[in-house]
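What you see is a predicted model, and the numbers here were worked out from it, not measured in a lab. The chains referred to below are lettered A, B, ... by the order of the sequence lines, with proteins before strands, and numbering in each begins at 1.
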2 protein chains.
Amino acid sequence: MTQNSDTPARLIDAATRQFAARGYPGVSIASVAQELGLTKQALLHHFGTKDRLYETVLDRLGDRIMAALGDTGDIVKAFDHFLDHAGANPDDAALIARELLDHDARAETGRQWFLIPFLNRLTALARSARPDFTDAEALAEVYAHLGALLTYVVSGPTLRGVYGKKVLRGLDEALPKVLRKQAKRRFLAKKTARKV
Amino acid sequence: MTQNSDTPARLIDAATRQFAARGYPGVSIASVAQELGLTKQALLHHFGTKDRLYETVLDRLGDRIMAALGDTGDIVKAFDHFLDHAGANPDDAALIARELLDHDARAETGRQWFLIPFLNRLTALARSARPDFTDAEALAEVYAHLGALLTYVVSGPTLRGVYGKKVLRGLDEALPKVLRKQAKRRFLAKKTARKV
DNA sequence: GGCTTTACGGACCGGTCGGTAGGCTATATA
DNA sequence: TATATAGCCTACCGACCGGTCCGTAAAGCC
């Protein structure tokens, strides 16, 4: 650690932002390195290849979103925490959305996809909240809810540019309410008659 | 029309597939042209620049999705038609999802975004089904539903690769049901006391 | 038959891509 | 003090990028 020992972490941060904003093919390793005033060779020194940089970014992302769910056994709270996290870290949401679009296009040699533990966790929570669900139904409900949540968080900048700030402020007020209400309706019914 | 007069249309088809699969920065005009055995100069002859090719692709997409909604006044039916269309044309869904992610990053000189009429139409239908909604609430419900639908259609290939065909078949059976049930719950309530 | 237009291909341009080779410097260790 | 190593650089490579220039063959128009 002769010079700046946290360079790898800062490169990961920059790469996370750029991959989220422009996607894998839209980002050059030179532009990531340039963000901290380095050359691309410095980046290659730390990560070897662009692909390994990207995989590292996804690894960290996987850790963050699992942590965001918390250790609650309540799926509504888990989605609540995740919405908070995604709202505060839209880059994370964008990267997830991009992976849903692009994952099958990339080679992904061997390793397990970073979203699998996340989806499995949510599906398990859904099944424990609604034992009347089949596995497929639980995954479907989780997936539909996650899709609505991600699309909303992800399109913020786009819709702000298109509709203007005022409309978007209304959306930012209404949509989280819609999502929370929907989570309750989705997962808190049948078998588990509920309070509030 | 000396040689092949429908070349532009075929180029648009190829470009639609490739942009949907790999996104704007991931597609080279040479690879699009190559799909019909042409060189990139042929493509540039017809469209001038890569950007104009992409805009043409979005124009056609905008026409298709508006047509897919049909002329019904019933938002549940409109979403039903759109789900059918998106299921049969996953490239269209992928392009919309990519635009939601990327639109603000591109310059988009002047012209109106192709999704605006689509979103406006759906929002208007939502408001007429639920006069108790504010504009923001209607847009939020439309957007949440659209997000769930798009994410589902778009992630098909990815999830198939990750979960295997069997799980995905279960999802393909369960998720459309979830979406249809949800559309009814979203838009057919209050003021319009319900049957079914 | 001359002229223009359409539809391409070949050659090439400046620039950028990911990646390699090798060198320099500051620190850590012996 | 000698050596090793981490961190980063300059220089360079072949491949590819979007785009221009120019030629050419076929068809339409007069």
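Distance CG (A:L36) to P (D:dG7): 14 Å, rounded to an integer number of Å. In this structure, CD of A:Q34 is placed 13 Å from P of C:dG18, rounded to the nearest angstrom.
Residue pairs satisfying the salt bridge (Lys or Arg N to Asp or Glu O under 4.0 Å) criterion with at least one member in residues 12-29 of chain B, sequence neighbours excluded, are listed as follows: B:R17-B:E35. Judged as a side chain to side chain donor-acceptor pair (under 3.5 Å), the pairs with a partner in residues 66-84 of chain B (not counting sequence neighbours) are, in order, B:D80-B:R180.
In summary, the side chains of B:Q182 and A:R186 do present a donor paired with an acceptor at a separation below 3.5 Å, with no hydrogens or angles considered.
For A:A20, the side-chain contact (heavy atoms from CB on, under 4.5 Å) test picks out A:D91, A:A94, A:L95, with sequence neighbours left out. Among residues two or more places apart in sequence or in another chain, the side-chain contact (heavy atoms from CB on, under 4.5 Å) test is passed with A:P117 by A:M66, A:Q112.
What you find for A:V142 and A:A126 is that their closest heavy atoms are CG2-CB, 3.8 Å.
Across residues 14-23 of chain A, not one residue has a non-hydrogen atom less than 4.0 Å from an atom of DNA chain D.
Closest to the A:T39 side chain, of the nucleotides C:dT20, C:dG9, D:dC9, is D:dC9.
When the side-chain nitrogen and oxygen atoms of B:H45 are compared with OP1 and OP2 of C:dT6, none of them lie within a distance under 4.0 Å.
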Can you name the atoms? Protein N/O to nucleotides 11-17 of chain C N/O, anything below 3.5 Å, with the distance.
unit_1 : atom_1 : unit_2 : atom_2 : d
C:dA11 : N6     : B:Q41  : NE2    : 2.7
C:dC17 : OP1    : A:S28  : OG     : 3.2

